[in-house]
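These notes concern the structure reproduced below.
First listed ligand is number 1; within each ligand, the first listed atom is number 1.
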Amino acid sequence: MPHNPRILISGASIAGPALAYWLDRFGFRPTIVERAPRLRPGGNGVDLRGESLRIAGLMGILPRLRERATDIRELTFVDAAGRRVAGMPTSTFNDDGDIEIMRGDLARILHETSSDKVDYVFGDSIRTLTQRPDAVEVTFDSGREAEFDLVLGADGLHSRVRNLVIAPEADALHHLGLYFATGQVAPELGRPGEVVLHNSPGRVAGVYRSASHDIATGFFMFREPRILDLDHRDQDAQKALLRTTFDARAWTLPQVLSQAAASPDFYFDSVSQIRLPRWSASRVALVGDAGYCATLLSGAGAALALEGAHQLATELAAADGDYTTAFARYESALRPIVSKRQRAVRASSAMLAPATTSHIWIRNQLTRLMVLQPLAARVFRATPATAA
Ligand SMILES: Cc1cc2nc3c(=O)[nH]c(=O)nc-3n(C[C@H](O)[C@H](O)[C@H](O)COP(=O)(O)OP(=O)(O)OC[C@H]3O[C@@H](n4cnc5c(N)ncnc54)[C@H](O)[C@@H]3O)c2cc1C
């Protein structure tokens, strides 16, 4: 491999820009290709804690993250009339020093930190990858062709890089039995500093409104044991499904639903993990959700993306051209952390979207029992509003 290798990264959300930042800092020449025409806004609050905050500190972005941090103090469950039936302060499950930030703000800060040094190409996507002993030949949807020394997939749950080189989606994706959707809504639908949630059996809808932001997001989660025959990019079909699933006239649901569905940053996907026997093949490797998605129920998607990006770049820099060793070291360092996070998701769905009316009642009682706060703390660490 040349001393200053050309590296192509697919995907510019959290993992991609963080990886590009570190690769540039270590002397590589990264290019990022992102399918969307511009940086994608949207999403709810995502948590950064522990190692991911240390990495953010090394990147010099901690002051900006703190400045844009969300201010959510309360989780409130309401009934069909909008009356509080249960809830808890967020101090129950957050540690001092943790940062919660809107996913879109984090993506923007990471982009700003890398965009003057890294070549970003929006509105294009890898079409084919051909691995040769000395390089990877890449063709793009735009018709462009290029050669790179390495290709790194940071293109999320439905990663094209993974599908082309590592494993078909049917083998990699493990559905957790839920679907999730989100989109921006009018701030008046929320309460400043609160996440308000309304349950019906197997479903939860909510409004997330940070007191330090002038926007609010609506979000929805529902139980569906199968992976539906639904194109993950067909937003019309996704919105139609959401409307039939949440058709009750409860709480402010109709407004939340219609506004979130009309929002330009509408996002919908299955809640599914990516589990792979290996994260690389020859000159290609995966990072973030593309390689090891833990889901929003883990409370760690963004943190694992930052940690993976830093680890991968560090190993590539240390390996002095031996990318096979770098990929192996990256995977063996990160896999135990990812596995732990992937295992820790089960209780979150039971607490967030209880399957029956009696389960909702039990959940409400549990949240009231202050003696069970430590247990509640663990499972509530990963609400859609407080976790990525
Ligand atoms: C718009 C949006 C909203 C989200 N909202 C939430 C939320 O509310 N809560 C939550 O917990 N998590 C949310 N997520 C997921 C969360 O960002 C990730 O779980 C986590 O931060 C890890 O990030 P990632 O960069 O690995 O993957 P992602 O954040 O999924 O980013 C993948 C990126 O790759 C791009 N991409 C996909 N396919 C291609 C392709 N073929 N070529 C080029 N680029 C491609 C995508 O457009 C995207 O920008 C959201 C993601 C997106 C994109």
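Close contacts of ligand 1 with Ala154, meaning ligand atoms under 4.0 Å from a residue heavy atom, involve 32 (C), 33 (C), 34 (O). For ligand 1, the atoms sitting less than 4.0 Å from at least one non-hydrogen atom of Gly288 are 26 (O), numbered in the order shown with element in parentheses. Counting the atoms of ligand 1 from 1 in the order shown, those under 4.0 Å from a heavy atom of Leu296 are 10 (C), 11 (O). Which parts of ligand 1 touch Asn44 is read off a 4.0 Å heavy-atom cut-off, strictly below it: atoms 7 (C), 8 (O). Residue Ser125 has at least one heavy-atom neighbour below 4.0 Å for each of these atoms of ligand 1: 40 (C), 41 (N), 42 (N). Each of the atoms 43 (C), 44 (N) of ligand 1 lies under 4.0 Å from some heavy atom of Val33. Using a 4.0 Å cut-off to heavy atoms of Ala302, the atoms of ligand 1 that qualify are 20 (C), 21 (O). Near Arg160, with a cut-off below 4.0 Å to any heavy atom, the atoms of ligand 1 are 41 (N).
Residue Ser13 holds the heavy atom nearest to atom 29 (O) of ligand 1 of all those in Ala290, Ala36, Gly153, Ser13. Summarising the contacts of atom 1 (C) of ligand 1 with Gly45, Pro41, Gly43, Gly11, the nearest heavy atom is found in Pro41. In this structure, of Thr182, Asp155, Leu297, the residue bringing a heavy atom nearest to atom 39 (C) of ligand 1 is Asp155. Relative to atom 46 (C) of ligand 1, the option among Arg233, Arg35, Arg40 with the closest non-hydrogen atom is Arg40. The heavy atom nearest to atom 32 (C) of ligand 1, out of those in Gly156, Ala181, Ala305, is found in Gly156.
Annotation: side chain of Val165 is not in contact with side chain of Leu286 (no heavy-atom distance under 4.5 Å). In this structure, the side chains of Val287 and Trp279 stay at 4.5 Å or more apart for every pair of heavy atoms. Here the side chains of Arg35 and Arg233 are in contact, with some heavy-atom distance below 4.5 Å.
In this structure, the side-chain contact (heavy atoms from CB on, under 4.5 Å) partners of Ala186, at least two apart in sequence or on a different chain, are Glu188, Gln259.
Aromatic ring pairs are classed by plane angle as parallel below 30°, tilted from 30° to 60° and perpendicular above 60°; the pair His111 and Tyr120 is perpendicular. Relative orientation of the Phe222 and Phe268 rings is tilted, given thresholds of 30° and 60° on the angle between their planes.
Heavy-atom minimum distance, Gln184 versus Ser263: N-OG, 3.1 Å.
Residue Ile14 has at least one nitrogen or oxygen atom sitting less than 3.5 Å from a nitrogen or oxygen atom of ligand 1, judged on distance alone.
By the criterion of a heavy-atom distance under 4.0 Å, the side chain of Phe180, and not its backbone, is placed next to ligand 1.
Residues Arg191 and Thr76 bring no donor and acceptor atom of their side chains to less than 3.5 Å of each other.
Using a 4.0 Å cut-off between charged nitrogen and carboxylate oxygen, Glu331 and Arg329 do not count as a salt-bridge pair.
Listed by first and then second residue, the salt bridge (Lys or Arg N to Asp or Glu O under 4.0 Å) pairs involving residues 59-85 are Arg64-Glu112, Arg68-Asp105, Asp71-Arg73, Glu74-Arg84, Asp79-Arg83 (not counting sequence neighbours).
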